[in-house]
Asker: 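Have a look at this one before I ask anything.
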2 protein chains.
Amino acid sequence: MAESSTRTVERALSLLAIVCDQGSATLGHCARAADLPASTALRLLRTLEGSGFVRKDDDGNYRPGSRIIQLGAQSLSNESLVSLSRESMEALVAETGESVYLSVEGHGGTAIYIAMIEGTHSVRHTNWVGRTIPLSESAAGRVLHNDVPAAGYVVVERGIEADVTAIAAPIRSETKVVAALSLVIPSYRVAEHDIDRYGHQLALAAEVVSSGLGRSTISA
Amino acid sequence: MAESSTRTVERALSLLAIVCDQGSATLGHCARAADLPASTALRLLRTLEGSGFVRKDDDGNYRPGSRIIQLGAQSLSNESLVSLSRESMEALVAETGESVYLSVEGHGGTAIYIAMIEGTHSVRHTNWVGRTIPLSESAAGRVLHNDVPAAGYVVVERGIEADVTAIAAPIRSETKVVAALSLVIPSYRVAEHDIDRYGHQLALAAEVVSSGLGRSTISA
DNA sequence: AAACTCTTGCCATCTAGTGAAATACGTATT
DNA sequence: AATACGTATTTCACTAGATGGCAAGAGTTT
């Protein structure tokens, strides 16, 4: 990708992200967070507002607009990986009872959860669809980084969340890791032999998804 | 809202919407759809790509990027109306067995579904969260337009979808309609007296949500 | 190989975007 | 009531950032 870019657009997108991250923000806050003069930020926010990406509430705070929700949900539902993984994810939940996530590489050294099927236990992982996690400290992140041991899955205990154990396996398309399938389990519920068993089930499920993606067969 | 706006940003946002609507689009298609010269569209798409809002796949097509998914999901989960309505929506599903939606006014004369709880029947409505519907032809749209009869709910049979009956009721904050709660039911499963019963249950549930929003008490 | 279509890079041009300063507004204090 | 303060909004001279036509490159089809 060449260097050419458009400063004005970058500034507007930066303001959009600030509003979405904060949930609710004043003009002054947006301007400071984006390091822009107030009048510049106002004009750009006005443009975002006119296009429906942000809205101004009765208190004068800027909030995310319906357009960002619409395009986000639309893009998520059109993501073919989500539909291709649905069946395997549901089977995994049925086998393990634990919550299953699908994640892909996100922006700026992150992984982003793009689908989840909740486990069947009373105590399970809170829905994190749309959230990002650092590539460097998560099981899914390690998988997306192609850092997968011979066992075929990665285990991270006490990574992002202290009381959670995450196991992840790679989904490949033509030998390239394109997504990670992971189990996210409260640590109190997982013993050493569980990890081995779950890991294998996970790697198998990821294999099934991969085979639907035109994965090259590597000769044994 | 004043007229001042930023053409460059509008153009970029328009391209973003085109990519998300199409799911996958070539540079040429984006340029034509946005009525821009190809070199202008290329530069703006490059900017969107650099910020993670779109990505370019191996075939050279532009697709939604992780950033739009992330910000969309984040904004949706931060929407207080969704959490405030959760309990009433779940109770409605438990009482009726049908799918329940929460919608708000969207962009450009639309309503947008922002939350859904699936019904318990085998045959139920496909998840439409994030989708928009026209204000003018839907039950939710009529409610958001403040066009609610004295019964307290709106019924639309064969509106957006030919084989679906939708019943909607208003959620108010300080007498102003801020959202619509609706039941979406396959028409074969709904009889005349069902509509009356469901409508009342719906209006009551919407009332409960409204009371949590600082609704003014109108003296009887 | 030729023709066609799509993508990408370049750069002279100019207008669209900028931001400092002034003004307006709302709230709190004296 | 007057003043102070912080935030939001407006104004407009200025310039640099965005533009888009055109040529070249790349890919596909005949």
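Model, not experiment: these values are computed from the prediction. Letters go in sequence order (proteins before strands), and every chain restarts at 1.
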Asker: When you compare the side chain of B:E49 with that of B:Y62, does any pair of heavy atoms fall below 4.5 Å?
Answerer: yes

Asker: For the pair made of CG in B:N61 and P in D:dG27, what is the distance, rounded to whole Å?
Answerer: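 After rounding, the gap between these two atoms is 14 Å.
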
Asker: Using whole Å, what does the distance between atom P of nucleotide D:dG6 and atom CG of A:L27 come to?
Answerer: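 These atoms are roughly 16 Å apart.
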
Asker: Send over the distance from B:L42 CG to D:dA23 P, rounded to a whole Å.
Answerer: 19 Å

Asker: Any donor and acceptor pair, going by atom type alone, linking the side chain of A:N78 with main-chain N or O of A:Q74 inside 3.5 Å?
Answerer: yes

Asker: With a 4.0 Å cut-off on heavy atoms, is A:R11 in touch with a base, just the backbone sugar-phosphate, or nothing at all?
Answerer: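 Contact class for A:R11: sugar-phosphate only.
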
Asker: Between A:R55 and B:E79, is there a side-chain N and carboxylate O pair less than 4.0 Å apart?
Answerer: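 Salt bridge flag = yes for B:E79 with A:R55.
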
Asker: Between D:dT19 atom C1' and B:L44 atom CG, what is the distance in whole Å?
Answerer: 10 Å

Asker: Give a yes/no answer on whether the side chain of A:T6 brings an N or O atom under 4.0 Å of OP1 or OP2 in D:dG17.
Answerer: no

Asker: Under 4.0 Å: is that the gap between some side-chain N or O of B:T40 and OP1 or OP2 of D:dG20?
Answerer: yes

Asker: Rounding to a whole Å, what distance do you find between A:L36:CG and C:dG17:P?
Answerer: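 After rounding, the reported distance stands at 15 Å.
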
Asker: Whole angstrom is fine here: how far is it from CG in B:D59 over to P in C:dT7?
Answerer: 12 Å

Asker: To the nearest angstrom, how far is A:R43 atom CZ from D:dA18 atom C1'?
Answerer: 14 Å

Asker: If you assign each of A:G60 and A:R7 to its closest nucleotide in DNA chain D, which residue comes earlier from the 5' end?
Answerer: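 In this pair, the answer is A:G60.
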
Asker: Touch check for A:S39, heavy atoms < 4.0 angstrom, all strands: base, sugar-phosphate only, or nothing?
Answerer: base

Asker: For B:Y153, what residues pass the side chain to side chain donor-acceptor pair (under 3.5 Å) criterion, not counting sequence neighbours?
Answerer: B:D196

Asker: Can you check whether A:T8 has a side-chain N or O nearer than 4.0 Å to OP1 or OP2 of D:dA18?
Answerer: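 Answer yes for this pair, as a side-chain N or O of A:T8 is under 4.0 Å from OP1 or OP2.
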
Asker: For B:E10 and C:dA16, give me the distance from atom CD to atom P, rounded to whole Å.
Answerer: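 That distance rounds to 12 Å.
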
Asker: Give a yes/no on whether any side-chain N or O of B:R46 is located under 4.0 angstrom from OP1 or OP2 of C:dG9.
Answerer: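 Yes, B:R46 has a side-chain N/O under 4.0 Å of OP1/OP2 on C:dG9.
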
Asker: Is there a donor-acceptor pair under 3.5 Å between the side chain of A:S103 and the backbone N or O of A:Y113?
Answerer: no

